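So the structure is just underneath, and the comments pick up after that.
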Amino acid sequence: MNLVLLGPPGAGKGTQAIRISKHLGIPHISTGDMFRRATAAKTEMGEKASQYMNRGELVPDEIVIGVVNERLQEGDCASGFLLDGFPRTIAQAEALEKALARGNKKLDQVLDIEVGEEELVRRLTGRRTCRSCGKIYHLVFDPPKAPTTCDVCSGDLVQREDDGEETVRNRLRVYQEQTYKLIDYYRKRDLLSVIDGKQEVETVFTDIEELLRV
Ligand code: ADP
Ligand code: AMP
């Protein structure tokens with residue numbers, strides 16, 4: 001299946017993507033994770049992307065589209081993929097459609113996880129991520145046993161640079177201005193399924209399982 005996970009920052013896309021990817025046996029492609037890895041590796045692309053990310057702005061379309069097109073050519077995407085955090089603009093959505101059409105492919109479904117703004121701020125400011133294995137925690141909603149150590153691999157838990165309240169508010173504004181319109185874009189193409197993201201993690205996943213047209 002070729003899937004897109006849509007929804008504002010903090011809706012739970014990464015949390016659900018891990019479960020969906022395992023359930024369907026398809027790769028989880030997070031553009032945010034790709035940029036953070038490139039930033040940590042200090043590549044030219046990573047250095048450029050981090051300037052936008054740290055301000056809570058979108059990385060320019062031409063950079064993001066290039067990165068995703070390359071990733072979708074890799075062998076593990078042959079039998080499907082789950083895009084998380086891409087597309088975020090209409091131009092990205094159009095580029096994706098074109099890239100898929102070149103390989104005689106198309107999207108099967110777009111899952112939109114919906115959560116209200118104040119809950120998103122609470123989720124993002126309390127998010128902690130393991131530097132080593134990437135596991136996502138929340139200080140209140142899904143706390144680790146020790147506040148700075150990963151339960152799974154004992155790696156350091158860190159707060160993302162863009163999860164401070166001011167940057168979070170900017171990211172939510174950018175979502176409203178540039179990404180929200182994709183809901184309509186995909187609804188018109190009859191690809192959209194809406195999920196209530198305010199429920200518990202496992203309930204959200206059960207809803208997603210039921211909605212997946214497998
Ligand atoms: P996104 O990838 O959409 O930005 P994440 O999956 O990283 O969102 O989740 C953001 C934060 O919210 C994390 O700290 C995560 O543990 C927490 N979270 C995710 N889903 C839920 C949920 N259903 N209920 C409460 N907290 C959640
Ligand atoms: P995320 O991990 O999805 O929350 O993304 C973190 C940051 O990476 C975003 O705030 C953007 O700066 C950048 N980013 C990730 N995906 C995209 C995208 N599709 N288009 C533009 N910027 C992106």
Side-chain angles (χ1 to χ4, degrees), residues 4-21 28-39 45-46 48-69 71-72 82-96 111-116 118-130 134-144 147 150-151 157-164 167-179 182 195-208:
V4 164
L5 261 185
L6 202 62
K13 298 184 298 298
T15 301
Q16 297 300 330
I18 292 161
R19 290 165 171 77
I20 300 167
S21 157
H28 167 208
I29 302 172
S30 155
T31 40
D33 284 349
M34 289 166 87
F35 290 137
R36 280 184 289 279
R37 280 196 293 271
T39 303
M45 187 271 281
K48 207 164 183 185
S50 69
Q51 294 169 22
Y52 296 93
M53 293 167 81
N54 290 341
R55 291 196 296 263
E57 288 165 16
L58 294 186
V59 175
D61 284 339
E62 59 274 19
I63 299 179
V64 192
I65 290 167
V67 166
V68 173
N69 282 352
R71 179 65 186 86
L72 290 175
L82 173 63
L83 284 166
D84 159 10
F86 179 93
R88 265 176 153 99
T89 63
I90 298 282
Q92 290 178 17
E94 288 171 349
L96 174 63
L111 305 169
D112 170 40
I113 307 183
E114 294 202 346
V115 174
E118 287 316 306
E119 173 70 8
L120 293 171
V121 174
R122 273 194 293 278
R123 287 191 185 182
L124 290 168
T125 52
R127 173 163 61 188
R128 296 293 182 273
T129 313
C130 176
K135 184 169 165 52
I136 305 163
Y137 295 88
H138 189 282
L139 290 181
V140 177
F141 306 134
D142 182 17
C150 178
D151 294 351
L157 299 186
V158 290
Q159 181 173 34
R160 270 172 48 173
E161 292 218 16
D162 57 350
D163 275 349
T167 313
V168 160
R169 298 260 178 212
N170 196 35
R171 288 163 62 203
L172 295 175
R173 194 176 51 75
V174 166
Y175 170 81
Q176 284 301 331
E177 286 173 6
Q178 303 194 52
T179 309
L182 287 179
I195 293 120
D196 175 5
K198 293 184 298 299
Q199 312 170 90
E200 302 234 327
V201 171
E202 294 310 328
T203 314
V204 175
F205 182 58
T206 305
D207 283 4
I208 290 176

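Just so you know, ligand 1 is whichever comes first in the structure, and atom 1 is the first atom listed for that ligand. Keep in mind that this is a model prediction, so the values were computed, not measured.
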Check your understanding: Yes or no on salt bridge (Lys or Arg N to Asp or Glu O under 4.0 Å) for Asp163 and Arg171, after CA distance, side-chain angles and deciding distance?
Key -> CA-CA 9 Å; Asp163 275 349; Arg171 288 163 62 203; 2.8 Å; yes
Check your understanding: When you look at Arg122 and Glu118, which way does the salt bridge (Lys or Arg N to Asp or Glu O under 4.0 Å) test go after all the steps?
Key -> CA-CA 6 Å; Arg122 273 194 293 278; Glu118 287 316 306; 5.6 Å; no
Practice item. Would you check, one step at a time, whether the test side-chain contact (heavy atoms from CB on, under 4.5 Å) holds for Met53 with Arg36? Key: CA-CA 9 Å; Met53 293 167 81; Arg36 280 184 289 279; 3.8 Å; yes
Practice item. List the steps, then state whether side-chain contact (heavy atoms from CB on, under 4.5 Å) holds for Ile29 with Met34. Key: CA-CA 8 Å; Ile29 302 172; Met34 289 166 87; 3.9 Å; yes
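If you number the atoms of ligand 1 from 1 as listed, the ones under 4.0 Å from a heavy atom of Val201 come out as 20 (N), 21 (C), 22 (C), 23 (N). Residue Phe86 has at least one heavy-atom neighbour below 4.0 Å for each of these atoms of ligand 2: 19 (N). Of all atoms in ligand 1, listed by their number and element, those nearer than 4.0 Å to a heavy atom of Gly14 are 1 (P), 2 (O), 6 (O). Close contacts of ligand 1 with Tyr137, meaning ligand atoms under 4.0 Å from a residue heavy atom, involve 13 (C), 14 (O), 16 (O).
Arg127 places no side-chain N or O within donor-acceptor distance of the main-chain N or O of Ile136, the cut-off being under 3.5 Å. At least one donor-acceptor pair under 3.5 Å links the side chain of Gln159 to the backbone N or O of Thr125. Put simply, the side chain of Thr39 gets close to the backbone of Gly46: a donor and an acceptor are under 3.5 Å apart. For Gln178 (side chain) and Val174 (main-chain N/O), no donor-acceptor pair under 3.5 Å exists by modelled atom type. Under the 3.5 Å distance criterion, the side-chain polar atoms of Arg19 are matched with a main-chain donor or acceptor of Thr15. With hydrogens and angles disregarded, a donor-acceptor distance shorter than 3.5 Å links the side chain of Lys13 to the backbone of Gly7.
Pairing each heavy atom of Leu96 with each of Pro87, the nearest pair is CD2-CD, 4.1 Å. For the residue pair Arg55 and Thr167, the shortest heavy atom distance occurs at C-CG2, 3.8 Å. Minimum interatomic distance between Val115 and Pro8 (heavy atoms only, all atoms of both residues): O-CG, 4.2 Å.
Residue-to-ligand polar distances place Arg36 within reach of ligand 2: an N/O pair is separated by less than 3.5 Å. At under 3.5 Å, not a single nitrogen or oxygen of Asp84, backbone or side chain, sits near a nitrogen or oxygen of ligand 1. Taking distance alone, with nitrogen or oxygen atoms compared against 3.5 Å, Phe141 stays at or beyond that limit from ligand 1. The distance criterion of under 3.5 Å between nitrogen or oxygen atoms is met by Thr15 with respect to ligand 1. For Ala11, a nitrogen or oxygen atom sits less than 3.5 Å from a nitrogen or oxygen atom of ligand 1, counting backbone and side chain alike. When only interatomic distances are considered, the shortest N/O to N/O separation between Arg128 and ligand 1 does not fall below 3.5 Å. Not one N or O of Asp142 is nearer than 3.5 Å to an N or O of ligand 1, by distance alone. Taking only nitrogen or oxygen atoms, main chain and side chain alike, Pro87 does not reach within less than 3.5 Å of ligand 2.
The protein heavy-atom contact nearest to atom 8 (O) of ligand 1 is Gly12 N, 3.2 Å. Of the protein's heavy atoms, Arg127 NH1, 2.6 Å lies nearest to atom 7 (O) of ligand 1. Shortest contact from atom 4 (O) of ligand 2 to any protein heavy atom: Arg160 NH2, 3.0 Å. The protein heavy-atom contact nearest to atom 20 (N) of ligand 2 is Gln92 NE2, 2.9 Å. The closest protein non-hydrogen atom to atom 22 (N) of ligand 2 is Val59 N, 3.0 Å. Summary of contacts: the protein heavy atom closest to atom 13 (C) of ligand 1 is Ile136 CG2, 3.6 Å. Nearest to atom 16 (N) of ligand 2 among the protein's heavy atoms is Thr31 OG1, 2.8 Å. The protein heavy-atom contact nearest to atom 18 (N) of ligand 1 is Arg123 CD, 4.1 Å. Looking only at protein heavy atoms, the nearest one to atom 12 (O) of ligand 2 is Glu57 O, 2.6 Å.
Taking 4.5 Å as the limit, every side-chain heavy atom of Val201 sits out of range of all side-chain heavy atoms of Asp142.
Residue Gln199 places its CD atom among more than 12 non-hydrogen atoms of other residues, nucleotides or ligands, all under 6.0 Å distant.
Distances from ligand 1 to the non-hydrogen atoms of Gly10 include at least one value under 4.0 Å. Heavy atoms of Arg55 come nearer than 4.0 angstrom to ligand 2 in no pair at all. Heavy-atom separations between Gly126 and ligand 1 are all 4.0 Å or longer.
In Gln199, the part holding a heavy atom less than 4.0 Å from any atom of ligand 1 is the backbone. The proximity of Val64 to ligand 2, defined as any non-hydrogen pair under 4.0 Å, is limited to the side chain. Of all the heavy atoms of Glu200, the ones lying under 4.0 Å from any atom of ligand 1 belong exclusively to the backbone.
Figure legend: cation-pi geometry between Arg37 and Phe35 absent, as NZ or CZ is not positioned both under 6.0 Å from the six-membered ring centre and within 45° of its axis.
With Arg88, Lys13, Arg171 as candidates, the residue nearest to atom 1 (P) of ligand 2 on a non-hydrogen basis is Arg88.
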